[in-house]
Amino acid sequence: MANIVSIQTIANHVGEEVTIQGWLYAKTGKGKIQFLQVRDGTGIMQAVLFKPNLPPEIFEAGKRITQESAIIVTGTVKQNERAPGVPGGYEIDTTDLQVVQVAEEYPITPKEHGVEFLLENRHLWIRSRLQWAVLRVRATVMRACRDWLDTHGYLEMSTPILTPAAGEGTSTLFEVDYFGDTVYLAQTGQLYNEANIYSFGKVYCFGPTFRAEKSKTRRHMTEFWMLEPEMAYCDLDGLMAMEEEFISYVVQRCLEERASELEVLERDTTMLQNVTPPFPRISYDDAVDRILKIRAETDDPELKELLAIEWGQDFGSPHETELTKQFDRPIFVYGFPTAAKAFYMEPWPNRPEVCKSVDMLAPEGYGEITGGSERISDPNLLLKRIHEENLPEEAFKWYLDLRRYGSVPHSGFGLGIERTVAWICGIHHVRETNPFPRTLGRVYP
RNA sequence: UCCUCGGUAGCUCAACGGCAGAGCGGGCGGCUGUUAACCGCUAGGUUGUAGGUUCGAAUCCUACCCGAGGAGCCA
């Protein structure tokens with residue numbers, strides 16, 4: 001066995017004899033020559049077996065191995081533009097082949113498959129080239145998020161997943177038996193982070209979050225990952241300034257580090273390259289006017305129906321899509337109606353029917369990827385809002401305390417990781433951006 | 001919860017009231033540059049479940065189960 005190398009660094013080993021430890025992704029051949037597509041987790045490359053150059057038993061072993069068999073390939077790395085792979089253009093002229101395990105007949109063939117079958121075999125599907133590429137981008141998105149925050153003075157704080165009560169009223173929560181009491185799986189760490197900022201200034205939490213809503217769309221899962229930064233001494237303008245710097249960094253980092261994967265996904269990165277500050281800032285009032293104008297100008301009766309909206313209503317997916325089509329980068333929509341948003345959002349000065357909330361909408365039809373706001377800092381106002389929403393005051397005692405001891409203007413937002421990855425990768429459904437997605441009606445595997 | 005579509009070979013689908021089929025994948029054989037290779041041979045079926053109509057049901061009817069797409073919902 002020669003020097004064991006990973007496929008993603010193969011370009012550094014041209015002319016050397018190396019060993020690749022991996023699995024057979026695909027195979028084709030023609031009599032005295034066999035082409036093996038070998039993947040090792042970091043990439044895919046071609047190994048060539050040429051009968052006259054090999055001991056007969058090695059060549060025969062190559063003919064017999066099945067898709068997904070575990071193999072160790074040794075040979076000389078050569079540049080060859082005909083060789084497919086990630087990265088393409090390199091192949092191994094094989095001198096030795098060790099079969100670690102011959103795989104049984106593998107269910108996922110190189111042909112097309114239906115969604116149901118693929119989800120049922122998700123534990124195997126993640127080995128496929130497109131899924132592999134998406135999940136590599138996901139890891140980079142998560143890494144980039146943490147890197148930006150860690151180098152800008154934010155401290156990662158763990159917030160609880162088991163929570164005592166319906167924090168914010170309307171949403172449906174998963175119930176868990178807790179030694180005879182009922183607790184709930186967290187749908188946000190925000191309220192806890194509002195406590196954390198008074199100890200650490202700028203914080204974030206990053207973890208799974210849960211929703212028991214019966215949403216069945218390409219944008220929803222029952223378990224998804226959310227990143228939630230929270231900042232003391234930060235108003236709505238400061239929040240938007242931070243968000244655009246942060247998101248721009250994450251997108252540019254993916255373009256730099258995951259170019260091969262985005263190429264595998266055939267992602268047109270033109271729109272992603274535009275993701276630099278500043279992002280357009282559109283008020284809710286303006287957004288409604290724009291949507292009504294688009295609606296008036298369309299000849300499509302179906303779209304006309306979908307775009308119906310009155311001031312005060314939250315946007316649906318069609319509204320977001322049509323609005324973002326007018327711009328070449330993500331946009332902020334701020335100042336939503338108070339009635340459509342959560343109780344803790346700071347009212348607009350002299351306009352209590354509107355609050356200091358902001359959503360970031362991704363372009364190309366991907367819609368809302370962050371939702372945030374400036375939080376109420378006045379204890380009396382917060383208590384009044386809790387009463388107006390008929391929330392149990394005693395459950396929020398600790399939360400009200402935060403406004404009694406050094407309260408300051410503060411803001412934060414939540415970023416949906418799966419939606420962000422779907423946007424960056426240009427894929428249709430958020431479920432493919434999570435290795436083992438949980439959706440309404442599927443918790444297997 | 002509602003609407004729409006679907007469930008036939010390992011997979012993707014056809015057959016739509018009259019013999020259950022094809023392509024891919026698997027197996028065997030051939031081929032020196034393949035990119036979802038190609039050529040020949042071959043094995044492979046409780047047509048989602050239960051009931052009904054009919055001389056005859058994968059096909060029509062009823063109920064149920066499962067899945068997908070969308071709506072509602074979504075701090």
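Naming: A, B, ... by sequence-line order, numbering from 1 per chain. All values derive from a computational prediction rather than experimental measurement.
- Contacts of G29(A) with the nucleic acid, taken as non-hydrogen atoms under 4.0 Å apart, include base atoms.
- Within the nucleic acid shown, M221(A) has no heavy atom closer than 4.0 Å to any nucleic acid atom.
- A salt bridge between K325(A) and E322(A) is present, with a side-chain N of the basic residue lying under 4.0 Å from a carboxylate O of the acidic one.
- Between the CG atom of L440(A) and the P atom of C74(B) there is a distance of 16 Å, given to the nearest Å.
- In this structure, K27(A) atom NZ and C38(B) atom C1' are separated by 15 Å, rounded to whole Å.
- S215(A) comes within contact range of at least one nucleobase, with a heavy-atom separation under 4.0 Å.
- E91(A) comes within 4.0 angstrom of a base, heavy atoms only.
- Within the 4.5 Å cutoff, the side chain of V115(A) has no heavy atoms near those of the L118(A) side chain.
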Quiz item: If you write RNA chain B from 5' to 3' in dot-bracket form, with Watson-Crick or G-U pairs under 3.5 Å, [ ] for crossing pairs and | for pairs with another strand, what do you get?
Solution: (((((((..((((....[..)))).(((((.......))))).....(((((..]....))))))))))))....

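- Checked options E320(A), E418(A), E368(A); the residue passing with R219(A) is E320(A) (criterion: salt bridge (Lys or Arg N to Asp or Glu O under 4.0 Å)).
- Between E116(A) atom CD and C11(B) atom P there is a gap of 10 Å when expressed in whole angstrom units.
- For V115(A), whose side chain is taken as the heavy atoms from C-beta onward, the closest listed nucleotide among A68(B), C11(B), A75(B) is A68(B).
- Distance from the side chain of R82(A) is smallest for U35(B) among the nucleotides U35(B), A71(B), C11(B).
- Residues F315(A) and Y284(A) place their aromatic rings such that the two centres sit under 6.0 Å apart.
- Here the separation of G21(B) from U47(B), taken at their C1' atoms, is 12 Å to the nearest Å.
- For the pair E120(A) CD and A68(B) P, the interatomic distance rounds to 10 Å; values are reported in whole Å.
- Remark: the backbone N or O of D378(A) is not paired with any side-chain donor or acceptor of S407(A) at under 3.5 angstrom.
- In terms of modelled atom types and a separation under 3.5 Å, the side chain of S357(A) and the main chain of F336(A) share a donor-acceptor contact.
- Looking at heavy atoms from C-beta onward, R136(A) lies out of side-chain contact with S260(A) at the 4.5 angstrom threshold.
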Exercise. Can you check each nucleotide of nucleotides 23-28 of chain B against protein heavy atoms at under 4.0 Å and return B for base, S for sugar-phosphate only, - for none, in 5' to 3' order?
Key: -SBS-S

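- Using a 4.0 Å cutoff on non-hydrogen atoms, the parts of residues 31-52 of chain A near RNA chain B are G31(A), K32(A), I33(A), F35(A), Q46(A), F50(A), P52(A), ordered by number.
- At the phosphate of G10(B), neither OP1 nor OP2 sits under 4.0 Å from any side-chain N or O atom of H113(A).
- In terms of modelled atom types and a separation under 3.5 Å, the side chain of T42(A) and the main chain of I7(A) share a donor-acceptor contact.
- Along RNA chain B, the nucleotide nearest H429(A) and the nucleotide nearest M345(A) are compared for position; the residue whose nucleotide lies closer to the 5' end is H429(A).
- At a threshold of 4.0 angstrom between heavy atoms, the contacts of D314(A) with the nucleic acid are absent.
- In this model, the phosphate group of G33(B) is approached by a side-chain N or O of K30(A) to a distance below 4.0 Å at OP1 or OP2.
- Look at R218(A) and you'll find a side-chain N or O under 4.0 angstrom from OP1 or OP2 of G70(B).
- Look at R431(A) and you'll find a side-chain N or O under 4.0 angstrom from OP1 or OP2 of G69(B).
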